[in-house]
Amino acid sequence: MIIVNEQETLFHVCTKETSLIFQVTTTKHLLMNYFGKRLPDINTEYIIKDIERVSYLSDTDLIKDFKLEQLPQVFPSYGITDLRKPAFEFMFEDGSRTSDLRYNGYDICVGKSKLDGLPQVEPNKDTDSIVFELIDDIKGIKVFITISAHYSENAFTQSVKVINCSEENVKINRLMSVNLDFLNNHFKLLTLSGAWGRENEIKINPIQQGFQGVESLRGASGHGQNPFGALLTPHTTETYGEVYALNFVYSGNFILNVEEDMHQNIRMQMGISPFDFEWTLEPEQVFQSPEVVMVYSDQGLGKMTRIFHALYRNNLLQGIWSRKERPILLNNWEATYFNFNQEKLLDLATKAKEIGIELFVLDDGWFAERENADSSLGDWYPNQKKLGGTLAELADKINQKELMFGLWFEPEMVSPNSKLYLEHPEWAIQCDGRLVQQSRQQYILDLANPQVCDYIVESISNVLRSANIQYVKWDMNRNFTNLGSTYLSPKKQKEQAHRYILGLYSILENILRQFPNVLFESCAGGGGRFDPGMLYYMPQTWTSDDTDAIERLRIQQGTSLVYPLISMGCHVSAVPNHQVGRDTPLRTRGIVAMEGNLGYELDLLQESSESLQNLKKQVHFYKKIRKTIQFGQFYRLTELDNKNQYAWQVVSNDQKEIVASYVQILAKCNTLSKRLKLSGLPHGEIYLEVESGQKYTSEELMYIGLSVPRIRQDYSAFQWYFVEE
Ligand code: DGJ
């Protein structure tokens with residue numbers, strides 16, 4: 001909802017529970033004077049008036065004591081009187097970089113316009129948008145800032161469009177998608193950081209005067225830093241405290257910049273990383289930034305999570321699979337790696353069917369000469385010798401077992417040892433005259449080149465058309481080095497990283513249009529591109545290559561902060577675990593993998609008949625709770641020793657079913673049984689715990705809690721399933 005005052009100087013952009021208030025000054029500066037819990041009234045000009053002027057800052061427009069550097073600006077310019085990091089930096093043909101954006105009008109529209117070539121959170125019936133037009137009068141550059149209020153979901157999105165209305169070329173050296181100025185520093189900064197196999201660890205750090213934040217320069221959003229950051233007021237927990245969170249709907253290089261200035265104000269920005277980025281806009285050309293999602297919670301991290309989850313489930317994930325329960329899959333990767341033939345695959349599929357699995361996924365190694373990671377990426381035709389026939393025949397045989405069939409691809413890559421590379425060495429990302437560095441014996445294709453994108457669309461589509469393939473795992477296993485494009489002119493080389501992502505999005509757009517019924521799962525060596533940009537095209541992501549259940553507790557907890565459980569691929573794998581060698585009970589592996597889309601990734605032919613019976617029960621049980629897990633309300637349960645104990649709960653949307661899970665990593669001597677309190681239940685209901693047959697009121701579950709037995713073994717796990725009486 002958007003309310004404007006009579007003088008058209010105050011703009012209240014609000015959702016059901018949150019307000020953003022903008023103000024235009026007499027000098028035509030656009031300020032954001034409030035962001036937080038929903039206010040009843042718009043008249044908040046006093047917030048700006050009350051700011052007392054401090055010294056040693058520049059005056060603006062020769063107005064004594066009018067100091068832009070103290071004001072909460074929406075899109076601060078470079079080179080005038082605010083000397084904090086600007087939201088943008090343009091360079092003009094005369095070499096000057098100073099700009100001065102002033103308010104030049106607004107427009108309100110119902111819904112939200114489509115961002116050209118970029119993913120976005122889609123509007124609902126009650127979404128409204130306001131577009132502020134800013135102009136640099138001297139150079140004639142216009143900037144349009146679109147803020148959309150997703151009313152019932154309690155979230156905002158913002159993106160920025162630059163139009164070169166001048167007669168000269170303009171270079172964009174920096175363009176943030178959002179800039180938030182807070183008039184205090186009472187925050188800590190939460191980010192999701194990690195590495196391959198250790199994605200999305202929650203890091204909370206105090207903010208100090210100066211710059212802090214996270215950035216990715218890897219070409220992908222990356223294993224190291226997720227494009228997410230949140231400011232937390234002191235003592236914020238799952239249920240208490242204020243949270244201001246940003247999440248970038250983009251899959252490439254990004255920056256989250258948090259600056260505490262000289263007067264203990266905080267500026268928080270998010271956008272494409274300005275490092276090694278430059279974009280030339282010719283007259284009349286347009287540059288569209290990706291969008292940022294902004295979420296405010298007045299009830300800690302738990303509420304923030306539920307806002308993101310609902311928004312992404314309902315408005316980000318696209319296509320028929322966004323609303324459908326996801327199939328339980330068996331992936332052959334950790335079962336066979338590259339070492340398989342038709343017989344082995346069919347035997348695995350038979351066992352998979354026996355235990356109730358619904359989808360069989362053939363991972364890496366099915367094409368061209370690929371027997372290890374040394375060759376063949378780019379040559380997307382089946383190795384019929386290895387598969388014992390055509391792909392269509394294999395898919396049919398799997399289908400005859402009443403299993404769906406899925407296939408792995410890594411379309412953005414080329415092996416030096418491939419037919420494609422022989423034919424088109426110029427298609428690899430490379431820097432003229434320098435050795436092209438390899439990672440996993442592969443190069444990256446230059447998706448800034450439309451011919452390369454066409455090749456990928458054609459070669460992948462041919463395979464998808466050739467057989468009944470109902471699922472695709474879209475992998476991406478290395479980051480950029482030797483950035484350089486044989487296609488782009490020398491002047492445009494710094495556009496390559498962003499053009500790569502635009503190329504990737506255009507490929508996905510095209511393939512998804514052609515194959516709307518295929519379920520896509522994205523993967524970048526696990527969670528190296530687990531971001532809302534990829535989720536827009538592919539409604540699930542392989543959370544991490546680390547399949548150890550105990551390691552997964554931390555990874556999934558961090559990932560769950562922002563991304564809905566239905567988007568998280570979580571598999572039960574063999575013991576000892578292939579990444580860390582740990583031996584975890586099957587029950588624990590199952591309970592942890594049921595925190596997302598359950599799958600399996602182990603050689604079922606090596607499992608004992610007892611283990612197969614237990615696997616069958618696990619699969620059967622997940623089918624019962626699947627709808628709740630994939631579409632319900634998620635709660636991380638607190639009052640735990642967070643390093644040793646993890647617990648979470650999902651409540652179905654009709655509140656008739658609850659699944660609660662508890663895992664303790666290490667057993668401890670001489671401890672008592674404890675109680676685990678549930679959250680978010682409707683008052684006055686009675687729930688039956690299905691396994692024990694015990695009944696509880698919702699108040700008992702929330703205020704007394706469930707008894708967690710005394711733990712006598714490392715890696716113990718418990719799970720409770722309740723149905724309303
Ligand atoms: C990396 C992925 O994350 C794995 O699951 C597997 O698909 C391999 N690539 C295959 O090369």
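Order of appearance sets the numbers: ligands from 1, and atoms from 1 within every ligand.
Phe228 places a side-chain heavy atom less than 4.5 Å from the side chain of Leu190.
Near Cys523, meaning under 4.0 Å from one of its heavy atoms, ligand 1 places the atoms 2 (C), 3 (O). Residue Trp542 approaches ligand 1 through these ligand atoms, each under 4.0 Å from one of its heavy atoms: 3 (O), 5 (O). Below 4.0 Å from some heavy atom of Gly525 lie the following atoms of ligand 1, by number and element: 3 (O). Shown in contact with Gly526 at under 4.0 Å from a heavy atom are these atoms of ligand 1, numbered in order with element: 3 (O).
When only non-hydrogen protein atoms are considered, atom 11 (O) of ligand 1 lies nearest to Asp364 OD2, 2.7 Å. In this structure, the protein non-hydrogen atom closest to atom 1 (C) of ligand 1 is Asp475 OD2, 3.1 Å. Among protein heavy atoms, atom 7 (O) of ligand 1 sits closest to Asp363 OD1, 2.7 Å.
Considering Arg589, Glu601, Gln579, His571 as possible partners of Thr547, the one that fulfils the side chain to side chain donor-acceptor pair (under 3.5 Å) test is Gln579. Just one of Phe409, Tyr455, Phe515 meets the side chain to side chain contact (heavy atoms under 4.5 Å, CB included) condition when paired with Ile460; it is Phe409.
For the pair Arg552 and Trp542, the cation-pi test (distance below 6.0 Å, angle within 45°) is passed.
Under the 30°/60° scheme for interplanar angles, the aromatic rings of Tyr505 and Tyr250 are found to stand perpendicular.
Asn200 and Tyr563 form no side-chain donor-acceptor contact under 3.5 Å, judged by distance and modelled atom types alone. Remark: the Gln514 side chain and the Ser461 side chain contain an N/O donor-acceptor pair separated by less than 3.5 Å.
Using 4.0 Å as the threshold, Arg440 has a heavy atom nearer than that to some atom of ligand 1.
At least one N or O atom of Asn477 sits closer than 3.5 Å to an N or O atom of ligand 1. At least one N or O atom of Lys473, backbone or side chain, sits closer than 3.5 Å to an N or O atom of ligand 1. Considering backbone and side-chain atoms alike, Asp545 places an N or O below 3.5 Å from some N or O of ligand 1.
Ring centroid separation for the pair Trp366 and Phe338 does not come in under the 6.0 Å cut-off.
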